[in-house]
Structure formats: structure tokens, C-alpha cells
Novice: 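Quick one: structure below, then a few questions.
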Amino acid sequence: MNEASSAPQVGEPYPLSTLRHSVAHLMASAVQNLYPGVKFGFGPAIEHGFYYDFDLPEPLVEKDLKRIEKEMRRIAKKTPELQCAEYGRETARTRLLERNQDFKVEGLESIPQGEAITFWSHGDWEDLCEGPHIDRLNRNFHFKLQSLAGAYWRGDESRPMLQRIYGTAFWEKEELTAHLAWLEEVKQRDHRRLGAELDLFSTHEVAGAGFVFWHPRLGVVRREIEDFWWGLHTERGYEPIYTPHVGREDLFGISGHIENYGEMMYAPMEIDGMPYRVKPMNCPGHILIYQNRGRSYRELPLRWAELGTVYRYERSGTLHGMLRVRGFTQDDSHIFCTPEQLAGEIAGVLELVVTILTAFGYEYTAYLATRPDEHTIGSDEIWDKAMAALSDGARQAGIELEVDEGGGTFYGPKIDFKVKDALGREWQNSTVQCDFNLPERFDLTYTDSDGKPKRPIMVHRAILGSFERFVGGLIEHFGGRFPFWLAPEQIALIPIREEQADTCRAYAQELRAAGLRVRCMDDPGHMNKKIKLAQHDQVPFMGIVGEREAQDGTLALRRRGTREQEVLGLAEFLAAVTRLRDSRSLELELQ
RNA sequence: GCUGCUGUAGCUCAGUGGUAGAGCACUUCCUUGGUAAGGAAGAGGUCACGGGUUCAAGUCCCGUCAGCAGCUCCA
């Protein structure tokens, strides 16, 4: 922490991003002192702090961060004044070349003609930088260097890799402490940690990287979500279809996947002398069903849904627990409709997205992703129509759209949803895409009322995205404390003495008959230990049965997260808990 | 894929080139306990895998696999 002499000023006159950028400079100057000859990349402020990229001959290790922090404090005291100077382009270039700063020279070259070229300095450190910065480094602020990582120069994997140091800074000490506590909470809720601790899923070296094995406790969660999902889809006129995981390579040739997506696909396998492929997407299969016979305008729209498992080759360094894997199940659906139906279909999909996301307690933002600058197919007219249909559908569904300029796919515009979880982090799962490409490639038609063949539009949509990513996110969102309807075990029954084990078993039978998931802890162990275990596993309700309860047909209930006890009759409890389950409430209140 | 780091019991982790360890979990026995871990004993190891250096490798070197942080990319 900076031990500056000045007392904290009310409302320090600089925004956090300015402070952080200045602390990045301070860090770079410390690195310069400790590692002469270092070359500098960029060092901006970012969402939760700052970073700076360095080209150093030796790799840094964690403990170097402490040294650098110490040097930073020394510099902040010794040469606190930050100064800005403007130079002509040639002078600037010379200054950088004198210091051997090749990356900075490249940075200079990308500054447009006519823009001011400024250097910021303190002590014998100076940096090509447009600022702004705080005035002096001995103001009262608090910082911490956090981690090391490699980062490509200008984010380009064909360029050299630099060493990046991440850090953060705040004006108030309490803010830094709170931020570090938040990071700790993020770590505690990490789905990989909870996955092991709560016996939810695993991956296996022998099975290969990026393949998730769902354990029984998480299988239950998935089944509940699937049932919920199918229920909503059936109500809205979706029909289930099932398609194979493997097919002849020609199918993916026609769809364009080999050409446009080949690098993401698993290599061909030879069957009866012919190449076959594992599917990376479900669309080609759905199209084959559409094409199987002639289609009339009278049967459109067709809404076909499949929980389709696909396999994609993701580069090894991108794999991450359940969130980024090589085999996953999409909650996929393709809607085949006429151009006139498009807006209404979009509205229907958006309503369903909102219904599902809010059921899990997510806040969301919707983005309209428009036509990319290059490499797109289809006429302006058809793009305009599709954009209009997406906007129109959103208006009908009462959803506001932000614009993601040029973020569409090559084959059409889309609406993406970002959700905000309980820790304020954003995830992207849901996507609704207009597709003009595949109907064209497969020459899809329907016979219109005038007897002429017309081209249908396909809407491709996934709401959860994939079960792996969605459920991995849910684990973190809930911190392993699933709401009652999803909880792997909903009720733990614990006898106080072995004499009450029979009563527990009878209770368990009755609760299970109502479809509840009950853990009957009737083994001859100690009650306190069983309470500890049930608590560890985040079971929503513990029902403790002693002599009194067994006699009265009651149980002493304890709700997850509390230590209070409430005695309820079994029938009363069963009725309340069934209501709670059917409501899919996110709260644990019994009514 | 790239840069850096890591891999020892189911889990969390000790281990100085010279006999492989602890806590929790597991099994058995004892314990009958009113709301966050009762006690004892036992079992459990290809030190990720393959090669090399050495009289001797968990330990040093190389390769492979897997994981972690980030970059790039994505549901």
C-alpha cells in the first residue's frame, strides 16, 4: 500500500481509471529500475484494475511481484511528480529509439497524423502515452499486484509474446479490501472447486481433455432443467426430434461446415471405405428432416427442438471446467418459417428466453448484432428485412435491444443475451439467429398459396446455450446452494438415536412417494456428524427426528443457512415442500 | 495453439539425490448422542506417463499427457 503522507481527500479529483493507469506507469517504472533493458508494450486501465506488458529476457515469478511493489512505493515517495510533454513525431521517434523501445515505436506509428504526441514522465521514466494521469504519485491510494501471464503483442498470436503483470488500485483501503474479498468469493464459488467438493462432475485424463462426466448429483439437476425446458417448449408448439451424432462427410460438405468450420471438427473416420464425421452442429440433421418430403405453407412455422450433443475441437489452452469443453449438449431448435412469420417467431423465442433466464434469477441484456463489414452472404434487402424482423420481434416481446455493431454471423443478424449472475459477472449463453445461408445451400422450399415454391427462413436458437456451460454457470451463480426444485438432495432425515431410524425410513418412503429427493441418514453414526455432512452438501432441509418427534409424527426442521428449528407435522411439511418444489421458487421459504 | 507454472493416497497438502508421510474421506470395532466433525484400529501409492543422467531419482534433465493463470478463439 502507498504510505503517502497526504491525508485522504474527500472525493479525490481523479476517476478510478485514471488512478489505475497512473499506477500502471508507476509499476512500469519500477520494472525499468529492477530489470534494465526491459521493453514496454501497452499498459492500460481495465475493468477491475490495470496491466502492463513487458518484454523481458527472464520469466518473472510470483515472488518478483513483491519486489516490484516495494520498488513502486520507493519511487512514489522519491519522484512523485507526473509531467506531460508534447513532441513532434520525429523527436518522439528519436526519444523512443534512444531507449530501444521497438514496441513503443510501433505504437507511435499507429497514432494518426495530426494528433498530439505526448509523453508522460516521472523521475527518469517516460512513456509515450495520451494520458490523462493523476498529478503526483504520493497521493493516498492503495494498490496490489495480482498475477502474471503471457500476452501477445497487440493480441495477435503471430506476434511475440510479452509478460503481463495484472494489478489493481483504489482510492480507499476499504474498497481494495472489498475487491479482494469479492475475488475470494469468486474463487470459493468456482464450479470446478464446487464440482469436486459436492461430487457434481469430473473430467479424466484417460478420457481426454474437455469431456465432462456428470455425476448422479448433477444428473438430477440437469434432468430437472430438461423437464422444465421441455414443458415450456411443448406449451409453445415445439416438437422433439432426435438426430444421429455421426454422418457421412458429404452432409457437412453441403452444409458448408467442412469449408467454413472444418478446423473445429473432429477428423474423419473411415466406415465401409467412406469418410464420416462427428457433428459439430445439429442444423444439417434438422434440415434433412425438413427436406424429407414436400412442405406446404400451411404447416409453417415448424418448431423443432433437440437437446443435441455436438463435438468441436477447441484448442487445448481454451478448455475450462464445464464452461469451455469439446463435447456438449445444446438446447437447440430450428424454426422454419415464411418471411411474413419471422417477426412473430422472433417475438415468441424472445419471450421464451426471458421466461427461462428469469426462472434462474438472472438479469439480462439483449444485443442486436448487425451485419459484419466483410465476408457475408445475402443481399442488402434480405439483411434489412431480417434486421427489421428482429427489431420488430423484440418490440412485440417488449424487449429493449442494445446494438452490437457488426457482430452478426456471416449468414445473418442475431440477438444475443448476456446474463448477469449473483456476483455481477456477465455470461453469454442465449442466441437467436436468422439464417439465410442453409436454406439456400440445401435448396429448401415450401409450396406457397400461389402454388409456387418459396424459400423458407431458418431461425436457429439456443437458450441455455449448452447444458455444460449453463449448469457450470449455475453452480457459480448459486454457489452450490441450488434452489429447492434443483437441489440434488432436497431433504435429509436424521434420527437422533438409532431407535428413530425406522421412523425416518417411514418418513422417507412417504416423501419419496411424492417425488421428493430424500437422503435418509439411518446409518449408526452420530447425529452431529450427520448434520455437518448434510450442511456440507447444501441440502435445503434437514428433518431431525428424536423421541418426541417420532411419537408425534413430526420432525424438527432446519433450513439451509439457518440454525433455527421449527417443528412441523410430516403431512404439513410434505404439503408445504411440494408447493415449494412446484413453484420452482428461488427462495427456501415454506408457506 | 502460445507464454509461464503445476502434477505425491479419493480430497487438501508435507517430503534435503539414499526405507513414501499427515489431516480429512473409506473399512471394522467401541460409542446411543437433541442441532457444525465421539474414540480406536485397519486398509489404501506404477510419486501422471515414457525416456535419460547417477552406485542410487518422488527429488536433476528431455519428451508426452493432464491441470492452472492469461493471450487468441467460442455454446
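Every chain is numbered from 1 and lettered A, B, ... according to where its sequence line falls, protein lines coming before strand lines.
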Novice: Could you please name the option among B:U32, B:U72, B:A75 that lies closest to any side-chain atom of A:Glu498?
Specialist: B:U32
Novice: Among side-chain atoms of A:Ser110 and A:Glu106, is any donor-acceptor pair under 3.5 angstrom?
Specialist: no
Novice: How many Å lie between CD on A:Gln428 and P on B:C73, as a whole number?
Specialist: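 So the CD-P distance, A:Gln428 to B:C73, works out to 15 Å.
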Novice: So what stems show up for RNA chain B if we need 3 or more Watson-Crick or G-U pairs in a row, all under 3.5 Å?
Specialist: B:1-7 with B:65-71, B:10-13 with B:21-24, B:26-30 with B:38-42, B:48-52 with B:60-64
Novice: Rounding to an integer number of angstrom, what distance separates B:A43 and B:G10 when you compare their C1' atoms?
Specialist: 13 Å
Novice: May I ask you to say whether A:Glu345 pairs ionically with A:Arg303, meaning some side-chain N is under 4.0 Å from a carboxylate O?
Specialist: yes
Novice: For residues A:His477 and A:Trp427, establish whether the separation of their ring centroids is below 6.0 Å.
Specialist: no
Novice: Given atom CD of A:Glu426 and atom C1' of B:C74, what is their separation to the nearest angstrom?
Specialist: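 Answer to the nearest Å: 16 Å.
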Novice: How many whole angstroms separate atom CG of A:Asp523 from atom P of B:G38?
Specialist: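 So the two atoms are 13 Å apart, to the nearest Å.
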Novice: Do the two ring centres, one from A:Tyr52 and one from A:Phe50, sit under 6.0 Å apart?
Specialist: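 Distance test on ring centres: not under 6.0 Å, no.
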Novice: Can you tell me how far C1' in B:A36 sits from the matching atom in B:A40, rounded to whole Å?
Specialist: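 The same atom, C1', in both gives a distance of 23 Å.
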Novice: Between B:C2 and B:A56, how many Å separate the two C1' atoms, rounded to a whole number?
Specialist: 38 Å
Novice: Quantified in whole Å, what is the P atom distance between nucleotide B:G4 and nucleotide B:G45?
Specialist: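 So the two P atoms sit 36 Å from each other.
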Novice: Ignoring hydrogens and angles, state whether a donor on the side chain of A:His191 or A:Glu476 is under 3.5 Å from an acceptor on the partner side chain.
Specialist: yes
Novice: 5'-most contact on RNA chain B: A:Ile531 or A:Phe328, nearest heavy atom basis?
Specialist: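 This one resolves to A:Ile531.
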Novice: Could you tell me the separation between the CD1 atom of A:Ile165 and the C1' atom of B:C71, rounded to a whole number of Å?
Specialist: 16 Å
Novice: Is there a donor in the side chain of A:Glu306 and an acceptor in the side chain of A:Thr243, or the other way round, less than 3.5 Å apart?
Specialist: yes
Novice: Using a strict 4.0 Å threshold on nitrogen-to-oxygen distance, state whether A:Glu402 and A:Lys418 make a salt bridge.
Specialist: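 No, no charged N to carboxylate O under 4.0 Å.
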Novice: Taking any heavy-atom pair under 4.0 Å as a contact, classify A:Val325: base, sugar-phosphate, or nothing.
Specialist: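 Result for A:Val325 = base.
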Novice: Rounded to the nearest Å, what distance is computed from the CZ atom of residue A:Arg315 to the P atom of nucleotide B:U3?
Specialist: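 Atom CZ in A:Arg315 sits about 12 Å away from atom P in B:U3.
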Novice: Could you tell me how far B:C47 sits from B:C13 if I compare only their C1' atoms? Round to whole Å.
Specialist: 14 Å
Novice: Mind calculating the distance between CD (A:Glu157) and P (B:G4) to the nearest angstrom?
Specialist: 16 Å
Novice: I'd like the P distance from B:G39 over to B:G44, given in whole Å.
Specialist: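 Straight-line distance between the two P atoms is 24 Å.
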Novice: Any Lys/Arg nitrogen of A:Arg192 or A:Asp190 sitting under 4.0 Å from an Asp/Glu carboxylate oxygen of the other?
Specialist: yes
Novice: Would you say A:Arg563 places a side-chain N or O within less than 4.0 Å of OP1 or OP2 belonging to B:A36?
Specialist: yes
Novice: Is the closest basic N to carboxylate O distance between A:Arg312 and A:Glu314 below 4.0 Å?
Specialist: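 Answer for the salt bridge query: no.
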Novice: Are OP1 or OP2 of B:A36 and a side-chain N or O of A:Arg558 less than 4.0 angstrom apart?
Specialist: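 Yes, A:Arg558 has a side-chain N/O under 4.0 Å of OP1/OP2 on B:A36.
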Novice: So what does A:Gln433 touch, heavy atoms closer than 4.0 Å: a base, only the sugar-phosphate, or nothing?
Specialist: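 No contact.
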Novice: Check every strand shown and say whether A:Gly155 touches a base, only sugar-phosphate, or nothing at a heavy-atom separation below 4.0 Å.
Specialist: sugar-phosphate
Novice: Name every donor-acceptor pair, under 3.5 Å, that has one atom in a side chain of residues 533-553 of chain A and the other anywhere in the protein, sequence neighbours excluded.
Specialist:
| from | atom 1 | to | atom 2 | distance (Å) |
| --- | --- | --- | --- | --- |
| A:Gln535 | OE1 | A:Arg558 | NH2 | 2.9 |
| A:Asp537 | OD2 | A:Arg519 | NH1 | 2.7 |
| A:Glu549 | OE1 | A:Gly546 | N | 3.0 |

Novice: Between B:C55 and B:G1, how many Å separate the two P atoms, rounded to a whole number?
Specialist: 38 Å
Novice: Return the polar atom pairs (N/O with N/O) between nucleotides 8-13 of chain B and the protein under 3.5 Å, or none.
Specialist:
none

Novice: Can you see which heavy atom on A:Arg461 is nearest to which on A:Trp229, and at what distance?
Specialist: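 Heavy atoms only, the tightest pair is NH2-CZ2, 3.5 Å.
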Novice: Which heavy atom in A:Phe103 sits nearest to a heavy atom in A:Asp55, and how many Å separate them?
Specialist: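 That would be CE1-CB, 3.7 Å.
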Novice: In this structure, how many angstroms lie between the P atom of B:A75 and the CZ atom of A:Arg461, rounded?
Specialist: 15 Å
Novice: Which parts of nucleotides 60-70 of chain B does protein reach within less than 4.0 Å, heavy atoms only, written one letter per nucleotide 5' to 3' as B for base, S for sugar-phosphate only and - for none?
Specialist: -----BSSSSB
Novice: Taking the P atom of each, how far is B:G21 from B:G58, in whole Å?
Specialist: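 The answer is 14 Å between these two P atoms.
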Novice: Is there a donor on the side chain of A:Arg469 or the base of B:C74 sitting less than 3.5 Å from an acceptor on the other?
Specialist: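 In this structure, the two groups form a donor-acceptor pair.
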Novice: Out of B:C74, B:U32, B:G34, which has the shortest distance to the side chain of A:Met527?
Specialist: B:G34
Novice: For A:Tyr238, what residues pass the ring pair (Phe, Tyr, Trp, His ring centres under 6.0 Å) criterion, not counting sequence neighbours?
Specialist: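 Partners of A:Tyr238 by the ring pair (Phe, Tyr, Trp, His ring centres under 6.0 Å) criterion, ordered by chain and then number, come out as A:His233.
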Novice: Nearest of B:G38, B:G1, B:A75 to any side-chain atom of A:Tyr313?
Specialist: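 Of the options given, the side chain of A:Tyr313 lies nearest B:G1.
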Novice: What I want to check is whether an N or O donor and acceptor connect the side chain of A:Gln535 with the base of B:A36 at under 3.5 Å.
Specialist: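 Donor-acceptor pair under 3.5 Å: yes.
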Novice: Strictly under 4.0 angstrom, non-hydrogen atoms only: write out the protein contact profile of nucleotides 22-31 of chain B, one letter per nucleotide from the 5' end, B, S or -.
Specialist: ---S-----B
Novice: From OH of A:Tyr311 over to C1' of B:C74, roughly how many Å is that when rounded to an integer?
Specialist: 18 Å
Novice: Rounded to the nearest 0.5 Å, how far apart are CD of A:Gln146 and CG of A:Leu183?
Specialist: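 With rounding to 0.5 Å, CD (A:Gln146) is 6.0 Å from CG (A:Leu183).
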Novice: Just do the salt bridge (charged side-chain N to carboxylate O under 4.0 Å, His left out) check on A:Glu69 and A:Lys144 with the steps written out, would you?
Specialist: CA-CA 7 Å; A:Glu69 282 187 0; A:Lys144 184 177 169 63; 5.1 Å; no
Novice: Indicate yes or no: does A:Asp502 engage A:Arg505 in a salt bridge with an N to O separation below 4.0 Å.
Specialist: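 Between A:Arg505 and A:Asp502 there is a salt bridge, with a charged N closer than 4.0 Å to a carboxylate O.
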